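Presented below is the structure to which this report refers.
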Amino acid sequence: MIPFNKPYLSGKETLYIEDAVKSGKISGNGKYTKLCQTFFEEKFGFKKSLLTTSCTDALEMAAILINIQPGDEVIMPSYTFVSTPNAFVLRGAKIVFVDSRKDHPNMDETKIEALITPKTKAIVPVHYAGVACNMDVIMDIAHKHNLFVVEDAAQAIDSYYTGKDGIKRALGSIGHLAAFSFHETKNIIAGEGGLLAVNDEQFINRAEIIWEKGTNRSSFFRGEVDKYGWVDIGSSFLPSEIIAAFLWAQLENLEEIQKVRKAHWENYNSRLSDWAKDNEIMMPEVSNYATNNAHMFYLVCKSLEQRTQIIDKLKSNGIMAVFHYISLHRSPFFLQSNEDKLLLETDKYTDCLVRLPLFFELDTESVITTLLK
Ligand SMILES: *Cc1c(COP(=O)(O)O)cnc(C)c1O
């Protein structure tokens, strides 16, 4: 049997967890949290990074930080996970969904500007499969209309965008704020875990306060104030040192993990391309401004029937392939308070996209030969 996903373990996870436990400091913001946060800031150029218990939490922090008020509008793709809109809906926002690109599930940046109204507050690009959205266009629109950009970089660790200026920037370092996930289905895992990246300095102080339940405990620990207290709204967004210790064991192996995942991805890509062409199946697209972090290998079938056949064929050979993201603009929850909308590209991915197994220990050959026979 080949599962869809199998969490990768570097081997040092339990060692570091034991170290954290023995140190007597197992709540958050200790040694391992700091090691992880510094790693992200140095490697990816985030001005400030804060570990969270999930990407969902990091998105909720972002919605608080940009001060979303009831009735504010937030533009995002409909082809995404529910946490992307939920974080903003929790603060009373109205979600305005934009269609996906014809060649990629990412938001179609050419359709954003028409959706902007005086109530629009933010744009939330989701870097699907870890492949960058067209960030120059999105940031230009945001500057022109005075909007915030929150990158949903849940799938985008160690992936990059090269802008018009020729500079290659890590995804998550471009928008005002960004959210990453370390859920066990992502490239780098902690079971459940996430990260808020703060790139606009105006948010750094308040981000720490919201993270620590609305208190200025972080500045207290740094000796900047002589007592700490309740200074703002907030919640318990920080993970324990046990989670951070696990994550640190993963981060130490980032390069090895990425190398192996990319080799699997390249194998799928080269061996399946002729077969895909013959069957009118679309292979994953990586725009020339983007890099591929091998988060996901997906195919876009020509029809729902073809996708069902492929999933069934793999399944009868013990291989689990899955589809996901039922268009959120068609979801029962969204339609309770919003009008039905026509987003044809989103619906195409909902009906036709299938994800093949992709994990460190995968034997891609068995999946490929099953598909080709
Ligand atoms: C995985 C994922 C999330 C949620 O991440 P959690 O860490 O499970 O909260 C949000 N958005 C996208 C696009 C994701 O893929």
Side-chain angles (χ1 to χ4, degrees), residues 4-5 7-8 36 40 49-64 74-90 93 95 97-98 100-101 104-107 122-133 135 138 149-159 171-172 174-175 177-197 211 235-240 243-244 246-247 250-251 261 284 290 292-298 322-329 331 333-334 346 349-350 353 355 358-359:
F4 172 68
N5 180 55
Y8 163 84
C36 294
F40 290 117
S49 70
L50 292 170
L51 289 194
T52 57
T53 45
S54 62
C55 177
T56 305
D57 269 358
L59 289 165
E60 286 176 28
M61 285 183 71
I64 295 172
V74 180
I75 299 173
M76 63 180 64
S78 167
Y79 194 73
T80 185
F81 188 59
V82 292
S83 294
T84 323
N86 256 339
F88 298 90
V89 169
L90 276 168
I95 304 302
F97 286 124
V98 61
S100 292
R101 293 166 57 112
H104 198 282
N106 277 345
M107 71 196 322
I123 306 172
V124 185
V126 179
H127 304 298
Y128 185 80
V131 172
C133 295
M135 292 307 289
I138 293 168
V149 173
V150 178
E151 295 174 70
D152 182 336
Q155 306 175 4
I157 190 89
D158 197 36
S159 202
L171 298 186
I174 303 166
L177 298 161
F180 288 87
S181 174
F182 308 119
H183 184 263
E184 77 168 29
T185 51
K186 305 301 203 276
N187 292 28
I188 297 292
I189 61 174
E192 303 277 355
L195 177 84
L196 177 76
W211 188 60
S235 192
S236 188
F237 287 117
L238 72 173
S240 81
I243 301 256
F246 189 107
L247 183 62
Q250 296 267 312
L251 290 177
R261 292 187 72 105
N292 168 36
N293 71 346
H295 171 60
M296 190 194 300
F297 193 90
Y298 66 85
V322 299
F323 61 84
H324 72 160
Y325 298 162
I326 311 290
S327 310
L328 293 179
H329 68 284
S331 63
F333 181 73
F334 184 75
T346 305
Y349 296 114
T350 292
L353 186 143
R355 304 155 69 197
L358 182 53
F359 52 88

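If you're wondering where the values come from, they're calculated on a predicted model, not measured in any experiment. Just so you know, ligand 1 is whichever comes first in the structure, and atom 1 is the first atom listed for that ligand. Positions are given from 1, in the same order as the sequence printed here.
Rounded to the nearest 0.5 Å, atoms OG1 (Thr346) and CD1 (Ile326) are 12.5 Å apart.
A perpendicular orientation is assigned to the rings of His104 and Tyr128, their planes being inclined by more than 60° (bins at 30° and 60°). By the 30° and 60° cut-offs, the orientation of the rings of Tyr79 relative to Tyr325 is perpendicular.
Contacts of ligand 1 (protein heavy-atom distance under 4.0 Å) are Ser54, Cys55, Thr56, Thr80, Phe81, Thr84, Val126, Asp152, Ala154, Gln155, Ser181, His183, Lys186, Gly193, Tyr325.
Judged purely by atom type and a 3.5 angstrom limit, His127 uses its side chain to pair as donor or acceptor with the backbone of Cys133.
In this structure, the side chains of Ile188 and Phe182 come closer than 4.5 Å at one or more pairs of heavy atoms.
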Applying side-chain hydrogen bond (donor to acceptor under 3.5 Å, both in side chains), run through Ser327 and Thr350 and close with a yes or a no.
CA-CA 6 Å; Ser327 310; Thr350 292; 2.7 Å; yes
